[in-house]
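Heads up, the thing below is written out as structure tokens.
Since the structure is predicted, the reported quantities are computational estimates derived from the model, not experimental observations. Chain naming here is simple, since letters A, B, ... match the order of the sequence lines and numbering starts at 1 in each.
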Number of protein chains: 2
Amino acid sequence: MAKAYERIADDLRQSIRAGELAPGDRLPSEAKLAERYRRSVPTVRDALRLLQAEGLIDKEHGRGNFVRRPRTLVQRSNLRHQWEKDRVREPEEKRAETGATEHDTGLELPDLVFHAAYREIPADKELAEAFGVAEGTTLLERTYRTRYRAESAPFTLVTSYLVRDMVAANPALLDAANEPWPGGTQNQLFTVGIEFGRIEERVTARPPTAEEAEELELPPGTAVLVLRKTSIDIDDRPVEISDVVLPGDRTEMLFTTPLERW
Amino acid sequence: MAKAYERIADDLRQSIRAGELAPGDRLPSEAKLAERYRRSVPTVRDALRLLQAEGLIDKEHGRGNFVRRPRTLVQRSNLRHQWEKDRVREPEEKRAETGATEHDTGLELPDLVFHAAYREIPADKELAEAFGVAEGTTLLERTYRTRYRAESAPFTLVTSYLVRDMVAANPALLDAANEPWPGGTQNQLFTVGIEFGRIEERVTARPPTAEEAEELELPPGTAVLVLRKTSIDIDDRPVEISDVVLPGDRTEMLFTTPLERW
DNA sequence: GAGGAGAACTCCTCTTTATGAGTTGCGTTG
DNA sequence: CAACGCAACTCATAAAGAGGAGTTCTCCTC
């Protein structure tokens, strides 16, 4: 005795997977579906809500329900960490030439940064532990959104943390007006004598919060990738921690792990 | 003029985030909430469904609605690729000694494998491209689920592909009865002279399909991490492709990228 | 004291009905 | 022929209510 709305959902899902309903197609109206399955309209709506939560359909008020088209992926590769490190020591003119978007490497980098905010905060327990400092140590917190030139919607939400005392040697970094940092964070940390040794990235996934869904303009039925990136210098000290939220339906993260030869 | 069910959801969400409702707490019954907010029960249910989709609450039939407790994460690290490669050439007794779970490295590996299936299939366009072979080339497809000893629910769904002709030199690998492969895939490929050169992992996130939700015993309001792992040998040939589905609320993937010293 | 019946409480599915609001297209009007 | 306006279609929100089913607790019986 499967539930009515589940049976309807199953049936429609199968039609979509089998390609009878192609991406972009409009489904029959809710009233028509109710008639076809001999159920009430609210029951049909329950089924459609299920499909929406799975990311299979888009509901458009006044127009209909449509099979969702897959969105194109933007790739984010860990090879770029090395590329960014190499770039730090290139002459400034050359950096300006390649700009924030690099073509040679095939790596796309975000080229628009919005709404940078800048604060000093005391480290909470979790961040203190991650940095290996005492709770309450003053941190710099920067938050911003990035967007790709070709994209209409924002692409990442970033919150970045630094230990204030570690960067204080370069007063420009304490100036909120200096956002975003020219040449990138790694470049600016280089000015205070910090060389990056490795990057650790921790990835999980979950449904977006209501705020994230709004800021990233996520349709219902999408997930977010949550990335905590810890940059560690050659003395094994964590120097920057970034929490990044990425739209799961538009992001592909590529991690390449080289293995030692025998 | 915010909608009624959204206002109710916002209010409850805030109570949860502020800690007035702690993880594990039971929310007031739907009837009570309806009374408190002066709305009908179905409207309250709409609000609760929203919170459930965000993963904030669990609905338990006959018992009530509860603030969800965060689940503990299992870490999956790319350091393990190197460790597995090193292990390939260790004497067999030593491998058996450490078993599938490794303690020294701090890396947890799944130690129970369920329901392995084994097929030969022709490569579709996408897989042919990924392997760099002609469409229709015969592939070996293996699918299985893994589970951790301490965990009640399955932990991964894996589909793994190999080009048949590349492994045919070891007839044991063509035998479906030989599942799972002793010592792991990398170990078995070593027997046909394949040495891994690097691992590429592509990660995206999305809501689970209905089947995945069931197989992984995922509560509503969770996402899955989708991982495509491509193992490439020292001659730059892709030798194994694995599609892995992981529960987003229980998985943390750790990728460490070492940077070259100056 | 143990066991079982049942009440009381919970959420679940489905129906019917009403009103609202966004979109599209057509037909009238100027 | 263009522009406007309205009708018809779409989905959205909300209500009230009936019947169902899972859980818990109490109280009665033995």
Within the structure shown, what part of the strands sits under 4.0 Å from [X] by heavy-atom distance: base, sugar-phosphate, or nothing?
{"X": "Asp46(A)", "result": "nothing"}
{"X": "Arg45(B)", "result": "base"}
{"X": "Ser40(A)", "result": "base"}

Taking [atom1] from [X] and [atom2] from [N], how many angstroms apart are they, rounded to a whole number?
{"X": "Lys3(A)", "N": "dA21(D)", "atom1": "NZ", "atom2": "P", "answer": "12 Å"}
{"X": "Arg39(A)", "N": "dT17(C)", "atom1": "CZ", "atom2": "P", "answer": "17 Å"}
{"X": "Phe66(A)", "N": "dT10(D)", "atom1": "CZ", "atom2": "C1'", "answer": "9 Å"}
{"X": "Glu30(A)", "N": "dT23(C)", "atom1": "CD", "atom2": "C1'", "answer": "15 Å"}
{"X": "His61(A)", "N": "dC9(D)", "atom1": "NE2", "atom2": "P", "answer": "16 Å"}
{"X": "Leu27(A)", "N": "dC11(D)", "atom1": "CG", "atom2": "P", "answer": "9 Å"}
{"X": "Glu35(B)", "N": "dA15(D)", "atom1": "CD", "atom2": "C1'", "answer": "17 Å"}

Choose from [options] the nucleotide whose nearest atom is closest to any side-chain atom of [X].
{"X": "Lys59(A)", "options": "dA12(D), dC11(D), dA14(D)", "value": "dA12(D)"}
{"X": "Arg63(B)", "options": "dG22(D), dT13(D), dT24(D)", "value": "dT24(D)"}
{"X": "Ala4(A)", "options": "dC14(C), dA12(D), dT10(D)", "value": "dC14(C)"}

Could [X] and [Y] be called an ion pair, given the rule that one side-chain N must be under 4.0 Å from one carboxylate O?
{"X": "Arg7(B)", "Y": "Asp10(B)", "result": "no"}
{"X": "Glu54(B)", "Y": "Arg68(B)", "result": "no"}
{"X": "Lys125(A)", "Y": "Glu135(A)", "result": "no"}

Salt bridge (Lys or Arg N to Asp or Glu O under 4.0 Å) assessment of Arg228(B) paired with Glu201(B): CA-CA 6 Å; Arg228(B) 162 157 291 197; Glu201(B) 294 174 280; over 6 Å; no

Please check the phosphate of [N] (OP1 and OP2 only) for any side-chain N or O of [X] closer than 4.0 Å.
{"X": "Tyr5(B)", "N": "dT13(D)", "value": "yes"}
{"X": "Ser29(B)", "N": "dT10(C)", "value": "yes"}
{"X": "Thr43(A)", "N": "dT13(C)", "value": "no"}
{"X": "Asn65(A)", "N": "dC11(D)", "value": "yes"}

Position toward the 5' end of DNA chain C (nearest nucleotide), Gly62(A) or Pro42(A): Pro42(A)

Side chain to side chain donor-acceptor pair (under 3.5 Å) between Asp243(A) and Tyr161(A), worked out: CA-CA 9 Å; Asp243(A) 288 320; Tyr161(A) 301 94; 4.7 Å; no

